[in-house]
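Quick caveat, the model's predicted, so the values are computed rather than measured.
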Amino acid sequence: GDRRHQETVYRDATGAKIDMHEEMRKRDAARAKQLELDEVEGEALRKGRVQREREMAAAREMEAMANTSFARDRTDLDREQMEVLREGDPMAAQAARRRAEQRAAAAHLQGPAPEAQPFWHSTWISLGWSRPRQWIR
């Protein structure tokens with residue numbers, strides 16, 4: 001017949017036909033799995049005991065945060081760590097002074113919230129109409 005439309009038949013040692021495409025897929029999958037295992041083992045070898053413990057502690061902390069009743073994120077943790085005063089910290093005095101200044105600056109901001117304006121207030125202002133009598137105080 002016409003050889004252009006024929007495929008090569010591959011056989012194993014027993015003479016049974018072998019699907020080469022399937023064999024190649026199996027070999028590639030095995031190679032990819034081995035590379036993944038090597039990567040995981042290499043990462044484990046590159047990390048020391050302390051790093052693994054820190055990672056596990058951070059993961060436990062994040063899991064505990066996820067179970068709290070209010071939302072928190074990484075910035076909350078950073079803020080908490082910054083607020084801890086440690087013995088022998090050369091910047092502790094400056095941090096305390098900065099905190100006191102921030103409290104003093106925020107003290108004048110406390111008080112009742114301004115009353116809400118009706119939604120048509122901005123329309124009247126933008127059209128140049130005068131304010132209603134009840135708003136003038």
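- Using a cutoff of 4.0 Å between basic side-chain nitrogens and carboxylate oxygens, D28 and R25 are not scored as salt-bridged.
- Atom CD of E53 has more than 12 heavy atoms from other residues, nucleotides or ligands within 6.0 Å.
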| said: Run the side-chain contact (heavy atoms from CB on, under 4.5 Å) test on E23 and K26 for me, step by step, so that the C-alpha distance in whole Å, both residues' side-chain angles and the decisive distance to 0.1 Å come before the verdict. | reply: CA-CA 5 Å; E23 290 295 322; K26 284 180 185 177; 4.3 Å; yes
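- The number of heavy-atom neighbours closer than 6.0 Å to CD of E63, taken from other residues, nucleotides and ligands shown, is 12 or below.
- Distance CD/E101 to CZ/R103: 11.0 Å, rounded to 0.5 Å.
- Separating the CD atom in E55 from the CZ atom in R60 is a distance of 11.5 Å, to the nearest 0.5 Å.
- Q94 contributes no side-chain N or O that, together with a main-chain N or O of M91, makes up a donor-acceptor pair within less than 3.5 Å.
- For R52, the CZ atom sits in a packed shell: over 12 heavy atoms of surrounding residues, nucleotides or ligands are nearer than 6.0 Å.
- The CE atom of M20 sits 6.5 Å away from atom CZ of R27, with the distance rounded to the nearest 0.5 Å.
- For E39, there are no salt bridge (Lys or Arg N to Asp or Glu O under 4.0 Å) partners at least two apart in sequence or on another chain.
- More than 12 heavy-atom neighbours from other residues, nucleotides or ligands sit within 6.0 angstrom of CZ on R11.
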